[in-house]
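Structure, as structure tokens:
Note that this is a predicted model, so its numbers are computed, not measured. As the structure lists them, so they are numbered: ligands from 1, and atoms in each ligand from 1.
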Amino acid sequence: MGLTIGLVGATGAVGRKMMEILQERKIPVDTLRAFASQRSAGEKLEFNGKEITVELLTEEVMKDTFDYLLFSAGGGVSEKYAPIAAAAGNIVVDNSSQWRMTEDIPLVVPEVNSHVLKGYRGIIANPNCSTIQMIVALAPLHKKYGLNRIVVSTYQAVSGSGHEAIMELEGQIKDAAHPHTVYPKRIAANCIPHIDVFNENGFTKEELKMVYETQKILEDDSIQVNATTVRIPVFYGHSESLYLEFDQEPNVQEVKAILEEAEGVIVMDNPEVNEYPTPLETANTDDTYVGRIRKDLFNTKALSMWVVADNLRKGAATNAVQIIEAMEAMI
Ligand code: A2P
């Protein structure tokens, strides 16, 4: 028998991608129910060749029985509705940041820590997009050499801020006078070192997500993370510059070999022929790409590298669907 899946936020950038990926990965879905706000209730969507009608999200519908509910409608919606669905016995995979740091709520990158899902029911949190791709690339190196410090700068695509942000960049590319409403400044031909709200310690909430989510997923609070997250005028695909300090001295050839073997990672590292990943080349795929792997000039136990992944896919929808696959494989 196939699965009954509910998609909360089905009309958004990530919600639509989730529908696409459920079909692509041939998840055996019998019934897909799509939920959104009053704005798009009644709209028609297509799933596996069939038309489905978007339903209004209410407390009542969350008490229905689902095998899985995928949430991608923002933190406020997850805060209110995910506990109602979970209390009714449903498994919720939540793409918002609402529940990620709550104790007892698993925060999962399936290649790295799916063991925490064993026997679990309730809310499962999908990590932050920038954290997911960083963890996929770093977990195998942490295992081998022991990571103790990460300094990361991100170059994040506008699709991470949702559909409105994609329209804002498109509008500003065509017309320099197009207003900014999603971002605090014009994003076209610019870069903005400000993602999510500022904390009193000077870091943004997005930067702190990268710190604490990394420690939770790798189950190691001693890893020191320093992040600067930056929005750039790219539509799809986040890039990251990483500086990494390890307990053991890493060897570049061995690092490449480890990453080539790692699940979900593709090494693209031959700079002489311009081989290194960029968001344009890697968009629309599910892997995490690593290039520019090089030893630090001064610290023998440190490396730098460049990591790129499609933020809507591995950074959000694919990871959520892989959580369903991991749960199903454990039944
Ligand atoms: P709607 O189409 O009704 O606005 P994005 O991140 O691309 O902006 O998408 C956000 C998604 O979350 C959309 O599907 C949006 O639905 C949905 N959403 C936002 N607020 C609510 C709400 N209060 N109740 C249900 N769905 C919501």
Shortest protein contact, atom 1 (P) of ligand 1 (heavy atom only)
S40 OG, 3.0 Å
For atom 9 (O) of ligand 1, which protein heavy atom lies nearest, and how many Å away is it?
G12 CA, 3.1 Å
What's the shortest distance from atom 21 (C) of ligand 1 to any protein heavy atom, and which residue and atom give it?
V77 CG2, 3.6 Å
Checking salt bridge (charged side-chain N to carboxylate O under 4.0 Å, His left out) between D286 and each of K17, R25, K314, which is the one that passes?
R25
Restricting to heavy atoms, the pick from A73, S37, G160 nearest atom 25 (C) of ligand 1 would be S37
Could you give the distance from CG (D104) to OH (Y120), rounded to the nearest 0.5 Å?
7.5 Å
From atom 16 (O) of ligand 1, work out which of L7, V182, T11 has a heavy atom at the shortest distance.
T11
Do E43 and T11 meet the criterion of a side-chain donor-acceptor pair at a distance under 3.5 Å?
no
For atom 7 (O) of ligand 1, the option (of A13, S72, G74) bearing the nearest heavy atom
A13
Report yes if the side chains of E328 and Y68 come closer than 4.5 Å at any heavy-atom pair, otherwise no.
yes
If we only count heavy atoms from C-beta on, is the T154 to V152 side-chain gap below 4.5 Å?
yes
Counting only heavy atoms closer than 4.0 Å, does ligand 1 sit against the backbone of L57, its side chain, both, or neither?
side chain
Residue and atom name of the nearest protein heavy atom (relative to atom 8 (O) of ligand 1), distance in Å to one decimal:
H163 N, 4.0 Å
Quick one about D287 and T285 (side-chain donor to acceptor, distance below 3.5 Å, no hydrogens or angles considered), yes or no?
no
How far is atom 6 (O) of ligand 1 from the closest protein heavy atom, and which atom is that?
G162 CA, 3.8 Å
Among E164, R39, Q38, E43, which one puts a heavy atom closest to atom 20 (N) of ligand 1?
R39
Exercise: do E245 and Q224 side chains pair donor with acceptor under 3.5 Å
no
